[in-house]
Amino acid sequence: MATWRHGDMAIQQDILRKLFVTDLTNAHAVGKQALSIMTPQVERIVNYPEVADRLRLHIDETNDQIARLDEILAGFDTSGSTLKDLGLSLSGAMAALSHNVAGDEIVKNSFANHAFEHFEIAASKSLPTMAEDGGFASATPLLQ
């Protein structure tokens, strides 16, 4: 049976920290991508007011989630990845553009929004667990 030395535990903690921060920046970038898809949608959904209202609520929730991720990342003396944020925002904007010329725009948008919602659900379940297991419990309240 292997025994852990103090140096090994420090290395393990550093690996956990890097993994946690990477996952936080990924969640941050996906939130930005979701906003780049949802924001143009809400301007175009005039025939579906209930969907537009729900979309506005989702945009507000996503902005709140991004703000909480920013706060957590600041606690690690870092921030969201500009490259990831920009890249995913650009791909989201391109998806929004391609959807708005489709005859079934509302359906394509619904599929995209559903995918983002499930990523957010996965992140909201896994990030608090990672925070607890990795020793970053101070992040847990902001993740819940």
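Given the structure is predicted, the values throughout are model-derived calculations rather than measurements. Nothing fancy with the numbering, it's 1 onward along the sequence.
Classified by interplanar angle (parallel below 30°, tilted 30° to 60°, perpendicular above 60°), the ring pair Phe136/Phe20 is parallel.
Proximity of Glu50 to Arg54: side-chain heavy atoms (C-beta onward) are nowhere separated by under 4.5 Å. Counting heavy atoms from C-beta on, the side chains of Leu143 and Leu69 come closer than 4.5 Å. For the pair Leu35/Ile66, a side-chain contact is recorded, criterion being any heavy-atom separation below 4.5 Å from C-beta on. Contact of the Glu132 side chain with the Thr129 side chain is not registered, since no non-hydrogen atoms from C-beta on lie closer than 4.5 Å.
A distance of 5.0 Å separates CG in Leu55 from CD in Gln41, rounded to the nearest 0.5 Å. Note that NE2 of His28 and CD1 of Ile72 are 10.5 Å apart. Values are rounded to the nearest 0.5 Å. Between Ile45 atom CD1 and Met38 atom CE the span is 11.0 Å, to the nearest 0.5 Å. The line from CG of Asp14 to CG of Leu19 is 11.0 Å long, rounded to the nearest 0.5 Å. Once rounded to the nearest 0.5 Å, the distance linking CD of Glu117 with CD1 of Ile121 reads 5.0 Å. Asp70 contributes atom CG, which lies 10.5 Å from atom CG of Leu24 (distance to the nearest 0.5 angstrom).
For CZ of Phe76, the number of neighbouring non-hydrogen atoms (other residues, nucleotides, ligands) closer than 6.0 Å is greater than 12.
Listed for the Thr39 side chain is no donor-acceptor partner under 3.5 Å among the backbone atoms of Ser36.
With respect to the salt-bridge test (charged N to carboxylate O, under 4.0 angstrom), the residues Asp53 and Arg56 qualify. Ion pairing between Asp64 and Arg68 fails under the 4.0 Å rule for side-chain N and carboxylate O.
Of all heavy-atom pairs between Ala131 and Ala139, the closest is CB-CB, 4.4 Å. Shortest non-hydrogen contact noted between Gln13 and Gly134 is NE2-O, 2.8 Å.
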Next item on the list: List the steps, then state whether side-chain hydrogen bond (donor to acceptor under 3.5 Å, both in side chains) holds for Glu120 with His58.
Entry: CA-CA 11 Å; Glu120 289 173 347; His58 195 174; 3.0 Å; yes
